[in-house]
Asks: 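Dumping the structure here so I can ask a few things about it.
Proteins come first, then strands; the chains are lettered A, B, ... in the order of their sequence lines, and each starts at number 1.
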There are 2 protein chains.
Amino acid sequence: MDSLEDTDARLRESAEKLALALSQSGMQKTTARVMTALLFSQRQTMTAGDLCDALKISSGAVSGAVNQLIPTGMIERVPAPGSRRDHYRFREHAWATLMGNQNALLAGMCAAAAEGIEIAGPESIAGHRLDEMQDFYGFMQHEMAALIETWRQRREARPGTTSA
Amino acid sequence: MDSLEDTDARLRESAEKLALALSQSGMQKTTARVMTALLFSQRQTMTAGDLCDALKISSGAVSGAVNQLIPTGMIERVPAPGSRRDHYRFREHAWATLMGNQNALLAGMCAAAAEGIEIAGPESIAGHRLDEMQDFYGFMQHEMAALIETWRQRREARPGTTSA
DNA sequence: GCCCACTTTCAGATATCTTTGAATATTCCG
DNA sequence: CGGAATATTCAAAGATATCTGAAAGTGGGC
């Protein structure tokens, strides 16, 4: 069996790999690195200093990343007892939250299609293309929300970690 | 009622707005502009020259964008009868294809979580976090594919444009 | 109320990504 | 097979986004 240090090193490597993939899908690189560092950490929380140290980035970069992550619901600031350092934690159900946020995107696509149809007319060439788009995103918007809810309930019913 | 030129101008404006939104969600700007130009066009197809002209970009940029779009299934090259210019067209069901492609991403998330669990162990702190992640993306991967299939069938059953 | 540990902000430096423009390759037609 | 119309590629320019480092702001504890 590997030593603990080795395990940690391999976890960081794994975290970096995922961060790289996420950054290629549109997420900022540092933001992704901070997120995966918290996700793969063997601790419940990490301080800003921990993150600077682990990722070799400046405190300014950590601050920026953290304040980008918090509004999305991926991580949260946890009150630190007896310390004035902020502790950060990867949130329970963060992934479901993240995907739920995409509903706004889907709605935006719907709206864009509707706008185009209004301009071009529903029976025009562009109108038909946009009609399919509107139909698809309207459907997805509705069904995705339901899907996430289904997952939430399914997981709630399991012997899972109901908040440590 | 608006004149045709005015309609066209407003469509282009709408297209640009959507392109901007898409580029903020990770898509390359020019690629997004080419895509939305084809999406909002009142013609069935556009040539590379048309795109250069409409978007005020160089032929090199069009070439790059188009060759990025084609593999994703969003647009297709259509044989041009009596012309050696390539014509491009927004593909039927492009949005469903696009979303279907994301399945690879979901699978990647699953795999990343599994890798982390393997390293950290399922009962570790990171292990529990990653377990939820794996569960979520595993679920989504399966259900999303089903959802897209449902939409496809639902639309097939409608009096929609079954390929012009 | 003051001090100190920590966080945030911001201008400048850096790194990264994108576009252009022209040379090169391709391919259709006669 | 030759010629001309297009498409593609690629180096260099330009634009953008991002990080750093230091100065300024915040708030808890004594």
Asks: Name each donor-acceptor pair under 3.5 Å that joins a side chain in residues 107-127 of chain B to protein atoms two or more places apart or in another chain, with its distance.
Replies:
residue : atom : partner : partner atom : Å
B:E115  : OE1  : A:K17   : NZ           : 2.7
B:E115  : OE2  : A:S14   : OG           : 2.4
B:E115  : OE2  : A:K17   : NZ           : 3.3
B:E123  : OE1  : B:H128  : NE2          : 3.2
B:S124  : OG   : B:A120  : O            : 3.2
B:S124  : OG   : B:G121  : O            : 2.8
B:S124  : OG   : B:G127  : N            : 2.9

Asks: Does the side chain of A:Y88 reach to within under 4.5 Å of the side chain of A:T45, using non-hydrogen atoms?
Replies: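 Of all side-chain heavy-atom pairs linking A:T45 with A:Y88, none is under 4.5 Å.
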Asks: Below 30° counts as parallel, above 60° as perpendicular, anything between as tilted: where do the rings of A:W95 and A:F90 land?
Replies: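 Because their plane-to-plane angle lies in the 30° to 60° range, the rings of A:W95 and A:F90 count as tilted.
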Asks: Rounded off to whole Å, could you give me the CG-to-C1' distance for the A:D50 and C:dT7 pair?
Replies: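 Distance check: A:D50 CG to C:dT7 C1' gives 15 Å.
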Asks: Any protein N or O atoms within reach of nucleotides 9-12 of chain D? Criterion: under 3.5 Å, listing atom names and distances.
Replies:
none

Asks: Quick one: are A:I70 and A:E76 in side-chain contact, heavy atoms under 4.5 Å?
Replies: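 A:I70 does not reach A:E76 side chain to side chain.
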Asks: What's the CZ-C1' distance between A:R77 and C:dT8, to the nearest Å?
Replies: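 Distance check: A:R77 CZ to C:dT8 C1' gives 10 Å.
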Asks: Could you state the atom-to-atom distance from CZ of B:R85 to C1' of D:dT8 in whole Å?
Replies: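 Computing the B:R85:CZ to D:dT8:C1' distance gives 17 Å.
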Asks: Round to a whole Å and report the spacing from NE2 of A:H87 to C1' of D:dG28.
Replies: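 Rounding to the nearest Å, NE2 of A:H87 and C1' of D:dG28 are 14 Å apart.
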Asks: Rounding to an integer number of Å, can you tell me how far A:L51 CG sits from C:dT8 P?
Replies: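 To the nearest whole Å, that distance equals 12 Å.
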Asks: Find the distance B:K29:NZ to D:dA15:C1' and express it as a whole number of Å.
Replies: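 It works out to 9 Å between those atoms.
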Asks: Using atom CG of A:D53 as one end and atom P of C:dC6 as the other, report the distance to the nearest whole Å.
Replies: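 Interatomic distance, CG of A:D53 to P of C:dC6: 13 Å.
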Asks: Does the side chain of B:M99 come within less than 4.5 Å of A:M140's, by heavy atoms?
Replies: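 They are in contact (side-chain heavy atoms under 4.5 Å apart), so the answer is yes.
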Asks: Does B:Q28 have a side-chain nitrogen or oxygen under 4.0 Å from the phosphate oxygens OP1 or OP2 of C:dT18?
Replies: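 Answer is yes, contact under 4.0 Å.
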Asks: Decide, yes or no, whether a salt bridge links A:R85 with A:D50 under the criterion of side-chain N to carboxylate O below 4.0 Å.
Replies: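 So A:R85 does not pair with A:D50 through a salt bridge.
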Asks: Nearest whole Å is fine: how far is D:dT6 C1' from B:Y88 OH?
Replies: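 It works out to 9 Å between those atoms.
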